[in-house]
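Below: one structure, written as structure tokens.
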Amino acid sequence: MRLTLLGTGDARQVPVYNCSCPACDAARVYPSRRRGPCCALIECGTQRWLIDSGLTDLTERFAPHSLSGILQTHYHADHAQGLLHLRWGQGLVIPVHGPDDPEGLADLYKHPGILDFSQPFIPFERRKLGELKVTALPLTHSRPTFGYLFEGKGFEGQGRRIAYLTDTVGVPEASCAELERAPLDLLVLDCSTAPQPVAPRNHNDLTRALQIIERLRPTQAVLTHIGHSFDAWLQAHPDALPGAVSLGRDGLVL
Ligand SMILES: [Zn+2]
Ligand SMILES: [Zn+2]
Ligand SMILES: [Zn+2]
């Protein structure tokens with residue numbers, strides 16, 4: 001099982017248009033510091049699923065028939081905008097599994113083109129996609145949102161569990177319980193901002209993210225959905241992340 005992070009920015013991405021904070025300035029100089037909108041790829045055996053579709057150049061990155069389908073966490077534009085162009089392809093059907101949210105990015109449901117939205121997940125549903133097992137875990141966000149637990153084989157044939165949880169503030173108790181049924185090898189988690197004095201409404205800050213990591217105790221934790229101010233804050237606080245926690249970046253293979 002292999003997870004590749006393709007886009008690790010928040011809705012504004014890094015650099016933010018017309019921002020000259022240290023993170024945005026650095027991202028303009030060093031391409032590796034840029035953060036695109038939310039998108040990842042999970043591969044297991046013959047299965048190859050995109051997780052979210054925030055990138056707007058999907059038709060150039062993925063040749064026809066190279067994806068098994070798409071798993072949407074939710075339908076905010078920064079996670080789904082790549083579908084607006086992809087749908088107008090022809091001669092194939094791409095399954096898109098996610099929460100049932102007809103109002104999410106309504107034009108997609110009205111004019112789905114080659115996208116097939118007919119099999120949304122129900123909360124805690126476990127689906128077998130070839131060699132890959134996927135469980136949809138409800139998260140706490142401003143739209144219906146699922147995190148995903150992936151279970152499959154590692155490179156040496158051993159069982160692996162990977163959780164991808166964004167967007168969310170905290171993790172609901174029932175979803176935590178499902179994740180705690182066995183050890184997690186990897187947790188990719190929403191951490192949009194530096195520590196905030198008051199709990200944010202829709203996303204984890206670093207304080208909440210570390211609390212979740214402390215509870216779920218994955219072997220490795222990687223933060224994603226990172227905003228430019230958090231990147232800038234980390235430049236000034238380089239020791240803020242504990243040992244087993246690292247910062248996601250676009251192109252990172254896990
Ligand atoms: Zn988002
Ligand atoms: Zn900035
Ligand atoms: Zn969102």
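Both ligands and their constituent atoms are indexed starting at 1 by order of listing. In this text the structure is predicted, and so the values were computed from the model without any measurement.
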- Query: Does Phe146 reach the side chain of Val134, with side-chain heavy atoms less than 4.5 Å apart?
  - Reply: no

- Using the ring of each side chain (for Trp, its six-membered ring), is His203 parallel, tilted or perpendicular to His141, with breaks at 30° and 60°? perpendicular

- What angle, in degrees and rounded to 10°, do you get at the Zn ion (ligand 2) when you join it to ND1 of His228 and to SG of Cys19? 110°

- Item | Contact check, side chains of Asp10 and Thr193, non-hydrogen atoms, under 4.5 Å | no

- Message: If I take every N, O or S atom of Asp167, is at least one of them less than 2.8 Å from the Zn ion (ligand 1)?
- Response: yes

- His79 N/O/S atom closer than 2.8 Å to the Zn ion (ligand 1): yes

- Indicate, with yes or no, if the rings of Phe117 and Tyr109 have centres closer together than 6.0 Å. yes

- Message: Looking at the Zn ion (ligand 1), is there an N, O or S atom belonging to His225 that lies under 2.8 Å away from it?
- Response: yes

- Query: Can you check whether Asp101 reaches Gln72 side chain to side chain, under 4.5 Å on heavy atoms?
  - Reply: no

- Quick one: which of Asp205, Leu247, Val14 gives a side-chain contact (heavy atoms from CB on, under 4.5 Å) with Phe230? Leu247

- Query: Any N/O/S atom, backbone or side chain, of Asp190 lying under 2.8 Å from the Zn ion (ligand 1)?
  - Reply: no

- Message: For N/O/S atoms only: which one belongs to His76 and is nearest the Zn ion (ligand 3)?
- Response: ND1

- Which is the closest N/O/S atom of Asp78 when seen from the Zn ion (ligand 1)? OD2

- Task: Look at His203 and state whether any of its N, O or S atoms is less than 2.8 Å from the Zn ion (ligand 3).
- Result: no

